[in-house]
Amino acid sequence: MPAEVALLGRVFDKLKLEQGSPDTLDTIASRIIANYMAGIKDEAELVSLSRWPLRR
């Protein structure tokens, strides 16, 4: 569990630096968690996919 939280934290930190706007932080977090729950466990893939809106 601590390793999972660390992974999600690293992905969030990378994306928040790219996005810049504090208004988008909730959206970024939601994308990361949704992608992780969908089975994406690779850090680079999580970063890449979480840059884009979720496809439903």
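From a predicted model like this one, the values you see are computed outputs, not experimental measurements.
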Shared hydrophobic cluster for V47 and F12 (ILVMFWY, side-chain gaps under 4.5 Å) = yes
Looking at CD of E45 and OG of S50, how far apart are the two atoms once the value is rounded to the nearest 0.5 Å?
-> 9.5 Å
Any sub-3.5 Å donor-acceptor pair from R10's side-chain atoms to E43's backbone N or O?
-> no
Roughly how far apart are K16 NZ and L25 CG, rounded to 0.5 Å?
-> 7.0 Å
side-chain contact (heavy atoms from CB on, under 4.5 Å) partners for L8, two or more places apart = I32, Y36, L46
Can you hop from L7 to I33 via hydrophobic side chains spaced under 4.5 Å?
-> no
Indicate yes or no for a side-chain donor-acceptor contact from S30 to the backbone of D26 under 3.5 Å, with no hydrogens or angles considered.
-> yes
Distance, nearest 0.5 Å, that separates CG of L15 from OG1 of T27 = 12.0 Å
